[in-house]
Amino acid sequence: SDRIFNPRIEYKSYESLADHVIGIRTLENFLEEGFEYLLNMLGVDEAEIYLLNKNTEEFISYRRSDGKTVMNEIIQVDSDSAIVKVMSSPDDLIIRKRINPLLGIDASLLEEMKKMKASAIAPIYFQKIFLGFIVIKEYTRNYSFDEITSLKLIAAKIGSLHANSFFIK
């Protein structure tokens with residue numbers, strides 16, 4: 001990847017990167033600026049954010065790749081989906097390498113993640129309200145503690161920005 005931004009050079013820690021993202025004030029700004037920081041922080045080329053539409057039970061998908069954010073499509077996510085079932089709190093980050101395919105829910109969860117080419121999924125909550133999830137595409141290394149912590153922080157920021165957009169518009 002030929003990225004100009006390198007978080008390991010420009011930022012002394014993941015905390016300072018998260019501080020920058022926390023300063024973003026609108027969901028639209030996050031989708032343009034913060035989303036790119038997320039990709040760079042993790043060293044991946046593509047990720048998606050699925051946000052619950054406030055008027056329907058559908059998710060709007062935003063994909064970031066090649067320096068652009070695209071509102072992908074409106075997606076029905078079945079409430080019986082293994083991904084939705086296991087994300088009952090903001091701490092329920094799912095990492096594909098840690099899933100045991102021999103366990104019941106894990107087998108279907110692993111299958112859904114493979115279809116999405118997801119290496120990790122972070123739930124997006126505002127307080128106790130589930131608002132969506134972040135899908136990190138193919139990631140070959142093991143996630144560090146700092147990366148997991150930063151991903152949760154960013155998911156929380158997206159949750160507050162998305163909740164704020166309900167009231168501002």
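Starting from 1, each residue takes its place in the sequence as its number.
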To the nearest 0.5 angstrom, please state how far the CG atom of Asn53 sits from the CD1 atom of Ile60. 4.5 Å
Indicate yes or no: at least one non-hydrogen side-chain atom of Glu46 is less than 4.5 angstrom from one of Lys117. no
Taking salt bridge (Lys or Arg N to Asp or Glu O under 4.0 Å) as the definition, give me every residue that meets it alongside Arg64, ordered by chain and number, with sequence neighbours left out. Glu32, Glu36
With Phe30 via ring-ring contact (aromatic ring centres under 6.0 Å, His included) - residues at least two apart: none
Side-chain touch Ile136/Leu39, heavy atoms, less than 4.5 angstrom: no
Interatomic distance, CG@Leu161 vs CG@Leu131, rounded to 0.5 Å, equals 11.0 Å
Sequence neighbours excluded, which residues qualify as salt bridge (Lys or Arg N to Asp or Glu O under 4.0 Å) partners of Lys157? none
State, with a plain yes or no, whether a side-chain heavy atom of Phe133 is found less than 4.5 Å away from one of Met87. yes
4.5 Å side-chain heavy-atom contact, Tyr143 and Ser119: yes
Nearest 0.5 angstrom please: Asp106 CG to Glu111 CD, how far? 13.0 Å
Between Pro123 and Ala155, what is the shortest heavy-atom contact and its length? O-CB, 3.3 Å
With side chains defined as the heavy atoms from C-beta onward, is the minimum distance between Leu93 and Leu151 less than 4.5 Å? yes
Heavy-atom side-chain contact between His162 and Ile124 under 4.5 Å: no
When you look at Val86 and Asp92, which way does the side chain to side chain contact (heavy atoms under 4.5 Å, CB included) test go after all the steps? CA-CA 7 Å; Val86 300; Asp92 292 334; 6.0 Å; no
Verdict with reasoning, Val44 to Lys137, per side chain to side chain contact (heavy atoms under 4.5 Å, CB included): CA-CA 7 Å; Val44 296; Lys137 298 294 183 166; 5.9 Å; no
Pairwise distance CD1(Ile49) to CZ(Phe59) - rounded to 0.5 angstrom: 13.0 Å
Side chain proximity check, Ile121 to Arg96, heavy atoms < 4.5 angstrom: no
Yes or no on side chain to side chain contact (heavy atoms under 4.5 Å, CB included) for Met113 and Ile99, after CA distance, side-chain angles and deciding distance? CA-CA 10 Å; Met113 288 184 78; Ile99 295 174; 3.5 Å; yes
Inspect the surroundings of NZ in Lys97 and state if more than 12 heavy atoms from other residues, nucleotides or ligands are less than 6.0 Å away. yes
When you measure from the side chain of Glu112 to the backbone N and O of Leu109, does any donor-acceptor pair fall under 3.5 Å? no
With no hydrogens and no angle check, is any side-chain donor or acceptor of Arg63 less than 3.5 Å from a backbone partner on Ala47? no
Less than 4.5 Å apart, side chain to side chain, heavy atoms only: is that true for Glu58 and Tyr50? no
Evaluate the side chain to side chain contact (heavy atoms under 4.5 Å, CB included) criterion for residues Leu27 and Asn164: first the C-alpha distance (whole Å), next the side-chain angles of each, then the deciding distance (0.1 Å), finally the verdict. CA-CA 9 Å; Leu27 184 59; Asn164 286 342; over 6 Å; no
Under 3.5 Å, is there a donor on one side chain and an acceptor on the other for Gln127 and Tyr125? no
Considering non-hydrogen atoms only, spot the tightest contact between Phe130 and Leu52 and give its length. O-CD2, 3.9 Å
